[in-house]
Number of protein chains: 2
Amino acid sequence: MTIKIVEELEAPATSGTQPFLPDYLLFLTASVSAAMSEEFHEHVRTRGLRVPEWRVLACLHDDDGQMITRLARFAMIEQSRLTRIIDQMDERGLLERRSDKADRRRVRIFLTRTGARLAADLVSEARAHEKRLIKRLPDGLGQDLKATVKRLHGVLWAGEQD
Amino acid sequence: MTIKIVEELEAPATSGTQPFLPDYLLFLTASVSAAMSEEFHEHVRTRGLRVPEWRVLACLHDDDGQMITRLARFAMIEQSRLTRIIDQMDERGLLERRSDKADRRRVRIFLTRTGARLAADLVSEARAHEKRLIKRLPDGLGQDLKATVKRLHGVLWAGEQD
DNA sequence: AATAAAAATATGAGTTTTCATCTTTTCATA
DNA sequence: TATGAAAAGATGAAAACTCATATTTTTATT
C-alpha cells in the first residue's frame with residue numbers, strides 16, 4: 001500500500017458551498033436512528049442476540065405466525081438472509097417453522113415457549129429503555145420525534161395490508 | 001429441513017397485550033429511515049456505488065481530508081470495514097490516502113478530481129430527491145421530521161469535536 | 001529520557017450477507 | 001382445465017463484514 005505524505009498547507013478543502021449532510025434529511029434520520037439505538041442494541045448483544053434476531057422476536061411477539069416474506073419486510077431483513085436467520089433461531093429453539101395448510105408455498109413462523117419468554121423480556125426491557133432515553137433528551141424532543149415518526153410510519157406503510 | 005404442517009385453528013396468537021412495535025420509538029425511527037432512504041439508495045446503486053461508499057463521498061464532499069476514524073463514526077461504518085472500503089475506492093480512483101505529517105498514525109482521505117465530481121453530482125441529486133420526497137409527504141410531515149432530527153442530531157453529537 | 005498506556009489504522013480468519021436462480025405452489029385467463 | 005405468470009422460500013457461490021489482534025506512532029507518567 002502506497003501512501004503519499006503531504007504536508008497540510010492546502011486550503012480548508014471543504015465543498016466550497018454549504019455543507020450538505022447537516023441539512024440532509026435522510027442522513028440526519030439515519031444518524032439519529034443509529035445513535036439512539038446503539039445502547040439498546042448493545043444490550044441485545046449482551047443477551048446473545050444480533051439486532052436482526054431481536055427484530056424477528058419483536059415482530060413475532062406482536063404477531064406470532066407471520067410468513068417469512070412479511071416478516072422480512074417488517075423487520076427490514078432481506079428475504080434470503082431472513083431464511084437463514086430463521087434457520088439459526090430454529091436450531092436454537094427460539095422459533096419454529098410451520099407450513100401453511102391453506103397455501104403451501106407459505107411458511108409461518110411461530111415462537112417457541114422459550115422464544116416467547118425471551119421476546120417478552122426484551123420487549124419489556126426495550127420499553128423501559130425507551131422511557132429512560134426519552135427522559136434523557138431535552139425538552140419534548142423524544143415525544144416530538146415519536147409523534148412524527150408514528151405519523152410517518154403510518155403514511156409510508158399505508159399500502160401494506162395489515 | 002423438517003417443517004410441521006399444522007392447521008391454523010389456534011387463537012389469534014398475538015401478544016395478548018398491547019402491540020409493541022407500532023409504539024416503539026427506535027423501531028419506528030429505523031423503519032421510517034429505511035423506508036425513506038430506499039429509493040435514493042437504489043439510485044446510488046444505479047450509479048455504481050454501495051450505500052456506505054456514497055456516505056463516504058458525502059462526508060468528504062463536506063469536509064475533505066478527514067481521518068479514517070472520524071469518517072467511520074460520521075458515516076456509521078465500522079473502522080476495519082471502512083479501511084477496506086477505502087482500499088476499493090482508492091483502487092477505483094475516487095479518493096486517495098495521505099499520511100498526516102503532524103501525526104503519522106493518522107491517514108487522511110482526500111477525494112480525487114473524479115471522486116469530487118461524482119460526490120458533487122450525487123449530493124445535488126440527493127438534494128433534489130429530498131425536495132421531491134418532502135413534497136410527496138402530507139402536511140408538513142417532512143419539515144417536522146427534519147426540524148426534529150436536526151435538533152436531535154445536535155444533541156446526540158454534542159460531545160463530538162467539530 | 002524511559003516506559004506504559006492510548007490512539008490510529010491494518011489485517012487474518014471465520015461468519016454473514018448478497019445476488020441470482022431454483023423449486024414448489026398458487027393464480028389468472030384464455 | 002391447461003398454461004404461463006406470479007408468489008413464497010430455499011440455496012450455492014462470491015463478496016462483504018466482523019472480531020480480535022498486530023503494528024506503528026503519540027501521549028502521559030515517573
Side-chain angles (χ1 to χ4, degrees), chain A residues 1-5 8 34 38 41-42 44-46 48-56 65-92 95-110 159-162, chain B residues 1-5 8 34 38 41-42 44-46 48-56 65-92 95-110 159-162:
Chain A
M1 176 171 302
T2 55
I3 308 184
K4 290 189 195 174
I5 303 194
E8 263 324 298
E38 197 175 49
H41 285 176
E42 193 46 46
V44 164
R45 283 179 214 107
T46 286
L49 291 172
R50 286 167 301 175
V51 171
E53 292 169 331
W54 149 234
R55 291 211 175 109
V56 169
Q66 292 180 67
M67 45 183 277
I68 293 196
T69 307
R70 185 170 142 68
L71 212 44
R73 257 177 309 158
F74 212 64
M76 303 167 266
I77 304 173
E78 190 270 331
Q79 179 264 314
S80 74
R81 171 144 97 100
L82 180 56
T83 285
R84 290 181 245 235
I85 287 173
I86 285 173
D87 288 344
Q88 298 172 330
M89 296 178 76
D90 188 348
E91 277 164 26
R92 285 177 64 180
L95 47 73
E96 63 179 27
R97 287 179 160 90
R98 300 189 205 160
S99 174
D100 185 319
K101 198 60 176 300
D103 182 342
R104 297 210 312 294
R105 290 172 302 181
R106 298 182 173 178
V107 173
R108 298 197 166 271
I109 310 299
F110 290 85
E160 312 282 333
Q161 74 289 21
D162 183 350
Chain B
M1 176 170 303
T2 54
I3 309 186
K4 290 188 193 174
I5 303 195
E8 262 327 295
E38 198 174 50
H41 285 177
E42 193 47 46
V44 164
R45 283 179 215 105
T46 285
L49 292 171
R50 289 166 299 173
V51 172
E53 293 170 330
W54 149 233
R55 292 207 174 111
V56 169
Q66 292 181 68
M67 44 183 277
I68 294 195
T69 308
R70 185 170 144 66
L71 214 43
R73 257 177 308 155
F74 214 64
M76 303 168 266
I77 304 173
E78 192 270 331
Q79 178 265 312
S80 74
R81 174 144 96 98
L82 179 55
T83 283
R84 290 180 245 237
I85 287 173
I86 286 174
D87 287 344
Q88 297 172 329
M89 296 178 75
D90 188 348
E91 277 164 26
R92 285 176 64 179
L95 47 74
E96 63 180 25
R97 287 178 159 92
R98 301 189 205 162
S99 173
D100 185 320
K101 197 62 174 302
D103 181 342
R104 297 209 313 290
R105 290 172 303 182
R106 297 182 174 175
V107 172
R108 298 196 168 272
I109 310 298
F110 290 84
E160 314 281 334
Q161 72 292 16
D162 183 351

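Keep in mind that this is a model prediction, so the values were computed, not measured. Throughout, a chain's letter reflects where its sequence line sits, starting with A, and its residues are numbered from 1.
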Round to a whole Å and report the spacing from CD1 of Ile68(B) to P of dT24(D).
17 Å

Gln79(A) side chain: which of dT17(C), dG9(D), dT26(D) is closest?
dG9(D)

Of the options dA10(C), dT18(C), dG9(D), whose atoms approach the side-chain atoms of Arg81(A) most closely?
dT18(C)

Among dG9(D), dT26(D), dC19(C), which nucleotide has an atom closest to any side-chain atom of Arg106(A)?
dG9(D)

Answer yes or no: does a side-chain N or O of Arg84(A) lie under 4.0 Å from OP1 or OP2 of dT11(D)?
no

Nearest whole Å is fine: how far is dA8(D) P from Gln66(A) CD?
13 Å

Of the listed nucleotides (dT25(C), dA16(D), dT25(D)), which one gets closest to any side-chain atom of Asp103(A)?
dT25(C)

Tell me: CZ of Arg45(A) to C1' of dA20(D), nearest whole Å?
16 Å

Pick from Arg81(A), Arg92(A), Arg97(A): which one makes a salt bridge (charged side-chain N to carboxylate O under 4.0 Å, His left out) with Asp87(A)?
Arg97(A)

Quick one: Arg73(A) CZ to dA7(D) P, roughly how many Å, whole number?
11 Å

So which nucleotide from dT17(C), dA10(D), dA10(C) ends up closest to the side chain of Arg97(B)?
dA10(C)

Taking the minimum atom-to-atom distance to the side chain of Thr69(A), which one of dT17(C), dA10(D), dA8(D) wins?
dA8(D)

Expressed in angstrom and rounded to an integer, what is the separation of Ile77(A) atom CD1 from dC17(D) atom P?
17 Å

Any side-chain donor paired with an acceptor under 3.5 Å for Gln79(B) and Thr83(B)?
yes

Separation of atom CD in Glu78(B) from atom P in dT9(C), rounded to whole Å
13 Å

Rounded distance (Å) that lies between atom C1' of dT23(D) and atom CZ of Arg104(B):
14 Å

If I take atom CD1 from residue Ile86(B) and atom CD from residue Glu53(B), how far apart are they, to the nearest 0.5 angstrom?
10.5 Å

Nearest to side-chain heavy atoms of Arg50(A), which nucleotide of dA8(C), dT16(C), dA10(D)
dT16(C)

Could you check which of dA8(C), dA6(D), dC17(D) has an atom nearest any side-chain atom of Arg105(A)?
dA6(D)

Counting neighbours of CD on Glu38(A) that are heavy atoms of other residues, nucleotides or ligands and sit closer than 6.0 Å, is the number greater than 12?
no

In Å and rounded to the nearest 0.5 Å, what is the CD1 to CZ distance from Ile68(B) to Arg106(B)?
12.5 Å

Nucleotide dA10(C), atom P - distance to CD1 of Ile109(B) in whole Å
7 Å

Just compare dA10(D), dT26(D), dA16(D) and give me whichever is closest to any side-chain atom of Gln88(B).
dA16(D)

Among the nucleotides dT11(D), dT9(C), dG9(D), whichever has the atom closest to the side chain of Ser80(A) is dT11(D)

